[in-house]
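Quick notes on the structure that follows.
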Amino acid sequence: MVLQGFANSVLLSGLFGIASFLPPAYMVVFSIGQALAGILMNTIGFIVYAIFDGSQVLEKQFQSALVYFIVIGLIIVLNIVFMIVISLIT
């Protein structure tokens, strides 16, 4: 968990460094995107936790993790589809 947090911080600092070369409007949008991603991720996590009652049973923990990652995967696929559609429109 600590290693994942370290890797995430290195990745995000690098991405913010790259985004800093762009115009300020892009930096603002990048920051807003990071904030919204964090809010969405935690909201989905809380909803899944509430649905499975925060159970300590290993099978329910596995099911809740599976539901969480399926939902997040669907959101990622939806983002990819929207990026393709937007690139075809413009």
Side-chain angles (χ1 to χ4, degrees):
M1 191 90 170
V2 172
L3 185 61
Q4 180 184 9
F6 175 74
N8 188 30
S9 66
V10 169
L11 173 70
L12 281 179
S13 65
L15 289 176
F16 273 101
I18 292 170
S20 68
F21 288 112
L22 300 172
Y26 291 105
M27 189 66 178
V28 170
V29 171
F30 182 75
S31 297
I32 291 172
Q34 288 295 312
L36 290 177
I39 291 169
L40 182 65
M41 177 198 67
N42 285 310
T43 303
I44 292 171
F46 288 136
I47 291 170
V48 170
Y49 186 79
I51 289 172
F52 287 94
D53 299 325
S55 177
Q56 297 299 321
V57 178
L58 188 59
E59 183 176 330
K60 283 200 172 194
Q61 286 180 346
F62 175 77
Q63 290 172 349
S64 67
L66 185 63
V67 167
Y68 177 80
F69 284 108
I70 287 173
V71 170
I72 298 299
L74 290 174
I75 290 172
I76 291 171
V77 169
L78 189 63
N79 282 330
I80 292 170
V81 169
F82 283 150
M83 284 290 292
I84 292 171
V85 169
I86 289 172
S87 68
L88 291 176
I89 290 173
T90 57

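We number each residue from 1, following the sequence as shown. Please read all numbers here as calculations on a predicted model, not as lab measurements.
- In this structure, Lys60 NZ and Leu58 CG are separated by 13.0 Å, a value rounded to the nearest 0.5 Å.
- No side-chain donor-acceptor contact under 3.5 Å links Asn8 to the backbone of Gln4.
- Few gaps surround CZ on Phe16; more than 12 heavy atoms of other groups in view lie less than 6.0 Å from it.
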Derivation and outcome, side-chain contact (heavy atoms from CB on, under 4.5 Å), residues Leu40 and Ile75: CA-CA 10 Å; Leu40 182 65; Ile75 290 172; 3.9 Å; yes

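- Under the 4.5 Å side-chain heavy-atom criterion for Ile, Leu, Val, Met, Phe, Trp and Tyr, Met27 and Leu12 are members of the same hydrophobic cluster.
- The distance from the OG atom of Ser64 to the CD atom of Glu59 is 11.0 Å, given to the nearest 0.5 Å.
- Note on Tyr49: it does not cluster hydrophobically with Leu66, by side-chain heavy-atom contacts below 4.5 Å among ILVMFWY residues.
- A side chain to side chain contact (heavy atoms under 4.5 Å, CB included) with Val67 holds for exactly one of Ile51, Ile44, Ile72, Val48; it is Val48.
- With values rounded to the nearest 0.5 angstrom, Ile76 atom CD1 is found 7.0 Å from Ile80 atom CD1.
- Put simply, the residue from Val81, Ile86, Leu88 that forms a side chain to side chain contact (heavy atoms under 4.5 Å, CB included) with Ile84 is Leu88.
- Neither Leu15 nor Leu22 shares a network with the other; the hydrophobic side chains, linked directly or stepwise wherever heavy atoms of I, L, V, M, F, W or Y lie under 4.5 Å apart, form separate groups for each.
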